[in-house]
2 protein chains.
Amino acid sequence: MSDDSGMTRGRATAEMVAQRANVSRVAVSRAFNPHTSLKPEKRDLILRIAQELNYTPDRAARALVSGRSHLVGVIVPDVCSHWESQEIDALTTALQNEGFATLLFKTRTDYSMDEKLLAYMRGFNPDSVIAFVENVKPTTLARFLDRAVPIYVHYPYPGETDDAEAGPLHDRLNVLQRAGIEQAVALLQGYGAQRIAYVSGLGKSRANTAREQMLRTVMAERGLPPPVIAPSDYSYDMAYAATLDLFRIGQGADAIFAANDVGAFGVLDALRHELGLRVPEDVKVVGFDDIAQSHWKSYNLTTVKFDLEERVRALVRLILRRLNNPAAPALQETLQTRLVVRGTVG
Amino acid sequence: MSDDSGMTRGRATAEMVAQRANVSRVAVSRAFNPHTSLKPEKRDLILRIAQELNYTPDRAARALVSGRSHLVGVIVPDVCSHWESQEIDALTTALQNEGFATLLFKTRTDYSMDEKLLAYMRGFNPDSVIAFVENVKPTTLARFLDRAVPIYVHYPYPGETDDAEAGPLHDRLNVLQRAGIEQAVALLQGYGAQRIAYVSGLGKSRANTAREQMLRTVMAERGLPPPVIAPSDYSYDMAYAATLDLFRIGQGADAIFAANDVGAFGVLDALRHELGLRVPEDVKVVGFDDIAQSHWKSYNLTTVKFDLEERVRALVRLILRRLNNPAAPALQETLQTRLVVRGTVG
DNA sequence: ACGGAAAGTGAAAACGTGTTCATTCTTTGA
DNA sequence: TCAAAGAATGAACACGTTTTCACTTTCCGT
């Protein structure tokens, strides 16, 4: 009774709009595509009737012929990990503004992107894929994403050239960690810290290894002994346990870098609530990320900040540029880091 | 050189597989659809060749003819809100196991689902939509989702029948808050709490109003004076500020309910780090959700738990049942709550 | 008023799949 | 051995769009 328009499958089609507007179905198509020639008044009429009928071009059909799904695949090990959830949030907003949608997939928490998942994602025909997870060979990824364009988030090692010279083989966002780490080490050194420990991220993760090596390099340059490594996996619980081990089994430390902010929270809680140490008086703590929680009063964390907004803008820029020009040579964007000083140092 | 199969648009098609296997294109289609009759050895051959060619049926084409996109739309105000990120995480895993993918959309943070966003999402043809955001009229939602099936998360008011009698008009998951709240109030009363405050969620949100009314009802039943309402919006910062107001401008309290765990963190930090009060000695605090962070040592929060795994299973069940039988009468699932006791009470 | 360029138009052909429907091949029971 | 039932098969159509390609109309400068 309520649907008097005689819709076939509950949805209006371009044919119906055309019929009602006394135009051809092609005209309807053109009305919805900006760069086509169609008499303005005709376009207005069609759009008005389309709105009446609640019509929108079917994206499946559109994807079939145009080869564009307007979907961007995102694979993460853990949506609820704070940094990643904030990145997904910002990314979804940005993509939404550009007419895309975020397609979410979960891999195992060990940061491995197995082939089965890649094949599964491939079935949905994403236009682009953001590879936060670096533990997949580019050739493997390329084989599984025939049409989709992968965008890599890349953390250069200390030796690697930071600049775009001898351009990268794949589209990527380079995150330069040196600046933020230098500022942090300088600050710690200024307060007299000597024995600095690193509560690591997941060992296999490139973000982690690059972070650790950069820290080691910067400390060496400033004449500090190499950092003690306390293995962890980015999680609160592991960082908590690693900190206990560091002080009960190991030699302790007078300053601790955590591979991420959440890990730093675990370090802080272990120091204060289990080891009875004061921060920053007895031990100083620095994290990585600068997530929203880091300014919470219980933690008030000094941390190396990755600018989330800037990072997401760069990613979207990479995607759009690649989609507009599939044949262009590999693209690159660069992102700096800096230290945000709060209460856990000095 | 590497792609000798002569692919058209970078992707193998059913026709190519058919040609290479000396069968018709229809046979290839049948090989990928379980409930069709095809000689087993033929099916094996086709699947083997398909794997060689890295072929998977195009989901866009499949969606076009079958009317199923295998996408589930999820609209949230804030992906990085802890509870929601954990729910999205679990939901994505569960949907992935059933052959679906999560399509993410962001609305404004005020929990309003505006028509523009609904129309935008509709364009992607989701098979189902999970309406976490309750501030949209079912009729409006239905109008914007011609083919997609909406699933509502519903928080009954104290007066509403909890049971399925006189069945609901729409598919929905009923979250019964009474049990958990009763346990919490009983515990607080046992410790002698009298002046209980409620640091609210976003006023317009139904989850919040239902929570508040249920608390009020349970307290009245146990002979307690009505709770003092400190308006907030689920965020840490607002809860922090609301707590300061409660004690500096208002009358204070000897126990505080926060509408969610993140809000409770704000309450705790305000009490301890700014007002110089002890928890649980001076003030007791109870949250809602039981997110992963609630067991962190700095907070160690007593909270009313929503079982996330159970909740996600129920949602997926609702979706699958509805998709298997579109004409079935409205479905319903029910979820209980219970108190998890940690360090912020007694 | 005229020629040519530009804009506007719709029929037909894609895009890659699932489904229907006759037809052929195989099996089964007596 | 035969008829009938069932399984296997492929041609043709359907799904809802965009794109190409001729064709018609409008616009503009002289």
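These values consider heavy atoms only, across backbone and side chains, with no hydrogens, waters or symmetry-generated copies. Every chain is numbered from 1, with letters handed out A, B, ... down the list of sequences.
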Separation of atom [atom1] in [X] from atom [atom2] in [N], rounded to whole Å:
X: A:Arg122; N: C:dG16; atom1: CZ; atom2: P; answer: 13 Å
X: A:Arg11; N: D:dG16; atom1: CZ; atom2: P; answer: 10 Å
X: B:Asn33; N: C:dT17; atom1: CG; atom2: P; answer: 11 Å
X: A:Glu15; N: D:dT17; atom1: CD; atom2: P; answer: 10 Å
X: B:His70; N: C:dT17; atom1: NE2; atom2: P; answer: 15 Å
X: A:His35; N: D:dT18; atom1: NE2; atom2: P; answer: 14 Å
X: A:Arg68; N: D:dT17; atom1: CZ; atom2: C1'; answer: 16 Å
X: B:Ile46; N: C:dT17; atom1: CD1; atom2: C1'; answer: 15 Å

Does A:Thr13 have a side-chain nitrogen or oxygen under 4.0 Å from the phosphate oxygens OP1 or OP2 of D:dT17?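 For D:dT17, OP1/OP2 do have a side-chain N/O of A:Thr13 under 4.0 Å.
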Options [options], nucleotide nearest the side-chain atoms of [X]:
X: B:Leu64; options: D:dT17, C:dT17, D:dG16; result: D:dG16
X: A:Asp58; options: D:dT17, C:dT17, C:dG18; result: D:dT17
X: A:Arg62; options: C:dG16, D:dT17, C:dT19; result: D:dT17

Is B:Arg20 salt-bridged to B:Glu52, going by a charged N under 4.0 Å from an acidic O?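 Yes, charged N to carboxylate O under 4.0 Å.
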Determine, for A:Arg317 against A:Glu310, whether the closest basic-nitrogen to carboxylate-oxygen distance falls under 4.0 angstrom.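 Judged by the 4.0 Å cut-off on N to carboxylate O distance, A:Arg317 and A:Glu310 do not form a salt bridge.
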Just the table, please: protein N/O against nucleotides 6-14 of chain D N/O, every pair under 3.5 Å.
unit_1	atom_1	unit_2	atom_2	d
D:dT9	OP1	B:Lys42	NZ	2.9
D:dT9	OP2	B:Lys39	N	3.3
D:dT9	O5'	B:Lys42	NZ	3.4
D:dG10	OP2	B:Ser24	OG	3.3
D:dG10	N7	B:Arg30	NH2	2.7
D:dG10	O6	B:Arg30	NH2	3.1

Look at the rings of A:Phe306 and A:Tyr155 and say which category their plane angle falls in: under 30° parallel, 30 to 60° tilted, over 60° perpendicular.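 It falls in the perpendicular class, over 60°.
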Residues forming a side-chain hydrogen bond (donor to acceptor under 3.5 Å, both in side chains) with A:Arg30, sequence neighbours excluded: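 Not a single residue meets the side-chain hydrogen bond (donor to acceptor under 3.5 Å, both in side chains) criterion with A:Arg30.
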Please report, to 0.1 Å, the donor-acceptor pairs under 3.5 Å made by any side chain of residues 21-28 of chain B, with sequence neighbours excluded.
unit_1	atom_1	unit_2	atom_2	d
B:Ser24	OG	B:Val26	N	3.3
B:Ser24	OG	B:Ala27	N	3.3

Just to be sure I understand the rule, does B:Phe32 reach a base, reach only the sugar-phosphate, or reach nothing, if contact means heavy atoms closer than 4.0 Å?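 It contacts nothing in the nucleic acid.
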Check the pair B:Leu308 / B:Glu87 against side-chain contact (heavy atoms from CB on, under 4.5 Å), numbers first and verdict last. CA-CA 7 Å; B:Leu308 185 59; B:Glu87 181 149 30; 4.0 Å; yes
Are B:Phe105 and A:Thr92 packed together at the side-chain level, in the sense that at least one heavy-atom pair is separated by less than 4.5 angstrom?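 No. Closest side-chain heavy atoms not under 4.5 Å.
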